[in-house]
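For reference, the structure discussed in these notes is given below.
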2 protein chains.
Amino acid sequence: MTVLSTPASAKRVAVLKALAHPSRLLITEALMSGELCVCDLRDLVGDDVSTVSKHLSILRSAGVLTCEKRGLNVYYSLVCDCFGEFLRCVDQVCALPPVQPSVKINCC
Amino acid sequence: MTVLSTPASAKRVAVLKALAHPSRLLITEALMSGELCVCDLRDLVGDDVSTVSKHLSILRSAGVLTCEKRGLNVYYSLVCDCFGEFLRCVDQVCALPPVQPSVKINCC
DNA sequence: GCCATTCTTGGTTATTTTGCCAAATAATAA
DNA sequence: TTATTATTTGGCAAAATAACCAAGAATGGC
């Protein structure tokens, strides 16, 4: 990592890294419908609870998720309501087929 | 990777992964001002050319960048004009301080 | 108190990613 | 042709990531 990055860029990288994993993206997509506890998310993802817990920890420290403990359960939810918008943006950034056709498009 | 992900999610992950690296994000941000050749980007990033070339290959196969060869140089540019919008979205997804204050905000 | 449940943390191993060097490829100039 | 410059590719060692198991911490029920 030879690059000297601004604090803003560093935070962006942390968010992108947090979301750049199939299970973590799935978790985040699921939370668009509302909060879920860890065991719900374990059922969704299908991994060991400890693995899911670590994924949640990564998403939390990136600032994407918050959590709240109620009784025995810990409920996770999205920090920001704009996640759907975000996903739409992701889809548009690479809207073209991955093979490089040297064409530019207007999206957004 | 126990998760069964839809093709759409798989592509999203590929894009996010491609952008989730300091050098690659820096490269992409730089290309918002217009195309640059590999040696420009090597100067920007400060890594070995081979390293930069591999970063570019990752961004290209994720569908984020296109390239065009002119003479000895290969010029890279963004596939989509909406990258600024995308970055704004990234910033908003985690707009709160990374410590979890159990507060929700409206952004976007 | 003790036990069951939920979640997190520590430790280990396997896999993936990163970044360098050296070599190969491509285009152009001499 | 040979040399020069720009870029890509292969290979390797180091670093980071992922996923499991086992153990620990917190809560609630008995």
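FYI, side chains are in, hydrogens and waters are out, and symmetry mates aren't considered; it's all heavy atoms of this structure. Protein chains get the first letters and strands the later ones, always in sequence-line order, with residue 1 at the start of each.
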Given [options], which nucleotide is nearest the side-chain atoms of [X]?
X: A/V74; options: D/dT7, C/dC7, C/dC21; value: C/dC7
X: A/K54; options: D/dC20, C/dC20, D/dT8; value: D/dC20
X: B/H21; options: C/dT18, D/dT7, D/dA18; value: C/dT18

Is any side-chain nitrogen or oxygen of [X] closer than 4.0 Å to OP1 or OP2 of [N]?
X: A/H55; N: D/dT17; value: no
X: A/Y76; N: C/dT6; value: no
X: B/K17; N: C/dT16; value: no
X: A/N73; N: C/dT5; value: no

Please state how far atom [atom1] in [X] lies from atom [atom2] in [N], giving the value in whole angstrom units.
X: A/R42; N: C/dT8; atom1: CZ; atom2: P; answer: 12 Å
X: B/I58; N: D/dT8; atom1: CD1; atom2: P; answer: 13 Å
X: B/L41; N: C/dG19; atom1: CG; atom2: P; answer: 15 Å
X: A/D48; N: C/dT9; atom1: CG; atom2: C1'; answer: 13 Å
X: A/L19; N: D/dA18; atom1: CG; atom2: P; answer: 12 Å
X: B/L36; N: D/dA6; atom1: CG; atom2: P; answer: 15 Å
X: B/E35; N: D/dA6; atom1: CD; atom2: P; answer: 17 Å
X: B/L65; N: D/dT7; atom1: CG; atom2: C1'; answer: 15 Å

Looking for any heavy atom pair under 4.0 Å, which part of the strands does [X] touch: base, sugar-phosphate only, or nothing?
X: A/R24; answer: sugar-phosphate
X: A/R70; answer: nothing
X: A/Y75; answer: nothing
X: A/K69; answer: sugar-phosphate
X: A/S50; answer: base

Could you state the interatomic distance from [atom1] ([X]) to [atom2] ([Y]), rounded to the nearest 0.5 Å?
X: B/K11; Y: B/S9; atom1: NZ; atom2: OG; value: 12.5 Å
X: B/I27; Y: B/Y76; atom1: CD1; atom2: OH; value: 9.5 Å
X: B/L41; Y: B/L26; atom1: CG; atom2: CG; value: 8.5 Å

Query raised in the report: Given that A/L56 and A/L72 both sit by DNA chain C, which one's nearest nucleotide is further toward the 5' end?
Result: A/L72
Report task. Take A/G71 and B/T51, find for each the nucleotide of DNA chain D with the closest heavy atom, and name the residue whose nucleotide sits nearer the 5' end. Result -> B/T51
Query raised in the report: Does one hydrophobic cluster hold both B/L25 and B/L44, with members joined at side-chain heavy-atom distances below 4.5 Å?
Result: yes
**Report entry** Salt-bridge contact B/R24-B/E29 (side-chain N to carboxylate O under 4.0 Å)
**Finding:** no
Report task. Please test A/R70 against A/E35 for salt bridge (Lys or Arg N to Asp or Glu O under 4.0 Å), starting from the C-alpha separation and ending with a verdict. Result -> CA-CA 12 Å; A/R70 291 203 300 276; A/E35 63 171 22; 2.6 Å; yes
